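I have placed the structure first, in the form of structure tokens, so that the comments after it can refer back to it.
Below, each value reflects all heavy atoms present in this structure, side chains not excepted, and no hydrogens, waters or symmetry copies. Quick caveat: nothing in here was measured; it's all calculated off a predicted structure. Lettering follows sequence order; numbering is per chain, from 1.
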Amino acid sequence: LNRLPEGFRLLESMKNQGCEPSVVIYNTLVHAFCKKGSWNAGKRVMMQMMRSGCEPNEVTYNTLISGCCRVGEIAEALVLLESAKSKGYVPDVITMTKLIGVLCDEGRVYEAAELMQQMEAKGCPSDIIAYNTLIMGLCKAGKTKSAHKILRGMTVKGFTPNAASYNTLISGLCKDGKIDSAAYLVDEMENNGCTANAVTYNTLIHAFCVQDRVEEAFKLFNRMKIQDCVPE
RNA sequence: GCUGCCCA
């Protein structure tokens with residue numbers, strides 16, 4: 001990583017020899033900077049590649065947007081998203097999910113939900129993980145009720161909630177002190193063909209213990225053994 | 001050449 005200047009020098013000599021660096025080479029440099037946490041250096045590389053007549057592609061944008069998300073630079077990420085869109089690029093679900101997650105972390109859940117709406121409207125299909133990320137954001141914002149609504153809504157859109165979906169909501173409810181609703185969700189998840197796993201039980205057992213409801217914790221512990229789910 | 005989710 002301290003050899004980035006060398007990379008630049010190499011780039012220069014390539015150009016001097018009339019060998020134009022490919023997009024992939026530029027992207028590699030952008031990635032190196034982003035991994036280091038300096039998206040702005042990455043952006044400078046992008047500007048340089050444009051100056052040399054090499055158009056950034058989807059990967060360039062995905063890399064830079066991810067780099068911004070990694071350090072919580074939301075404003076810049078959104079700017080990049082716009083310029084990507086203006087070039088007709090559709091960032092992939094993974095990049096979008098990172099943005100959604102980072103927006104949620106900042107408490108900007110509403111914008112996150114909107115972003116997801118937009119991508120679906122664009123025919124860029126979201127997926128379970130994107131939904132789970134949003135559900136988590138809603139839980140963190142204390143909106144467990146909306147989170148539950150989303151979880152039910154995703155079924156309608158053809159996505160089957162998985163264990164992580166339910167675990168996220170269960171965890172959110174527990175942190176909100178609503179252990180009983182959380183425990184009830186286990187039934188709901190199993191009625192929907194989703195098996196409770198070790199994370200599910202861990203979450204609930206921990207929550208019951210914290211509230212000194214040890215007998216109930218034990219009940220779950222036994223149930224988990226009956227389902228031969230490996231305790232951690 | 002980029003790559004996202006659940007408890008502790």
Side-chain angles (χ1 to χ4, degrees), chain A residues 7 11 21-37 39 42-43 45-46 49 54-70 77 80-81 84 89-105 109 112 115-116 119 124-140 144 147-148 150-151 154 159-176 179 182-183 185-186 189 194-210 217 220-221 224 229-232:
Chain A
L11 207 85
S22 68
V23 201
V24 173
I25 290 181
Y26 279 114
N27 288 347
T28 308
L29 256 176
V30 172
H31 181 225
F33 279 121
C34 286
K35 214 164 55 182
K36 228 182 115 206
W39 59 268
K43 192 169 186 181
V45 174
M46 184 173 85
M49 70 192 276
C54 179
E55 274 305 301
N57 63 10
E58 293 93 332
V59 173
T60 318
Y61 280 103
N62 286 341
T63 306
L64 265 176
I65 293 173
S66 291
C68 290
C69 289
R70 153 187 300 263
L80 286 163
L81 177 65
Y89 294 146
V90 186
D92 65 5
V93 207
I94 297 183
T95 305
M96 290 306 246
T97 302
K98 286 184 175 176
L99 243 174
I100 289 170
V102 122
L103 281 169
C104 288
D105 288 343
V109 194
L115 193 63
M116 207 158 123
M119 62 191 278
C124 166
S126 50
D127 62 10
I128 301 189
I129 300 187
Y131 272 102
N132 291 352
T133 304
L134 185 59
I135 288 172
M136 189 175 190
L138 289 166
C139 287
K140 277 184 184 164
T144 48
H148 202 162
I150 295 281
L151 192 139
M154 64 195 275
F159 296 106
T160 311
N162 60 15
S165 319
Y166 286 100
N167 290 345
T168 304
L169 184 52
I170 287 171
S171 163
L173 287 167
C174 286
K175 283 179 181 151
D176 212 21
I179 307 186
L185 256 186
V186 178
M189 84 188 270
C194 204
T195 331
N197 62 18
V199 174
T200 317
Y201 287 113
N202 240 334
T203 308
L204 283 166
I205 290 174
H206 182 258
F208 276 127
C209 287
V210 166
L220 281 172
F221 186 68
M224 131 181 231
C229 178
V230 186
E232 288 175 349

Is A:Asn57 touching bases, backbone alone, or none of the nucleic acid, heavy atoms closer than 4.0 Å?
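Base: the residue A:Asn57, judged by heavy atoms under 4.0 Å, touches a nucleobase.
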Tell me what A:Ala130 touches on the nucleic acid: a base, only sugar-phosphate, or nothing, going by heavy atoms under 4.0 Å.
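Counting heavy atoms under 4.0 Å across all strands, the contact made by A:Ala130 includes a base.
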Are A:Lys175 and B:C7 close enough that a side-chain N or O sits under 4.0 Å from OP1 or OP2?
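Yes, such a contact exists.
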Under a 3.5 Å threshold, yes or no: a donor from one side chain and an acceptor from the other, between A:Ser165 and A:Asn132?
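Yes, side-chain donor-acceptor contact under 3.5 Å.
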Taking atom types as modelled and ignoring hydrogens, do the side chains of A:Asn57 and A:Asn27 form a donor-acceptor contact shorter than 3.5 angstrom?
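Their side chains do contain a donor-acceptor pair, which is all the 3.5 Å distance test asks for.
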A:Thr63 and A:Thr60: CA distance, side-chain angles, deciding distance, side-chain contact (heavy atoms from CB on, under 4.5 Å) verdict:
CA-CA 5 Å; A:Thr63 306; A:Thr60 318; 5.9 Å; no
[X] [atom1] to [N] [atom2], straight-line distance once rounded to whole Å:
X	N	atom1	atom2	answer
A:Leu80	B:U3	CG	C1'	16 Å
A:Ile65	B:G1	CD1	P	20 Å
A:Asn162	B:C5	CG	C1'	8 Å
A:Ile135	B:C5	CD1	P	15 Å
A:Lys35	B:U3	NZ	C1'	13 Å
A:Leu138	B:C6	CG	C1'	15 Å
A:Leu64	B:G1	CG	C1'	13 Å
A:Asp127	B:G4	CG	P	12 Å

Listed nucleotide nearest any side-chain atom of A:Thr133, set B:G1, B:C5, B:C2:
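It is B:C5.
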If you take all heavy atoms of [X] and [Y], which pair is closest and at what distance?
X	Y	answer
A:Met189	A:Ala196	CE-CA, 3.8 Å
A:Ala130	A:Val93	CB-CG1, 4.5 Å
A:Trp39	A:Cys34	CA-SG, 4.3 Å

Taking atom types as they are modelled, would you say the side chain of A:Asn132 forms a donor-acceptor pair with the base of B:G4 within the 3.5 Å cutoff?
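Result: no qualifying N/O pair found.
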Please work out which residues in residues 89-98 of chain A have a non-hydrogen atom less than 4.0 Å from an atom of RNA chain B and list them by number.
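Nucleic-acid contacts, sorted: A:Asp92, A:Val93, A:Ile94, A:Thr97, A:Lys98.
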Under the ring pair (Phe, Tyr, Trp, His ring centres under 6.0 Å) test, residues paired with A:Tyr131 that sit two or more places apart
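Scan of A:Tyr131 (ring pair (Phe, Tyr, Trp, His ring centres under 6.0 Å), adjacent residues dropped) gives A:Phe159.
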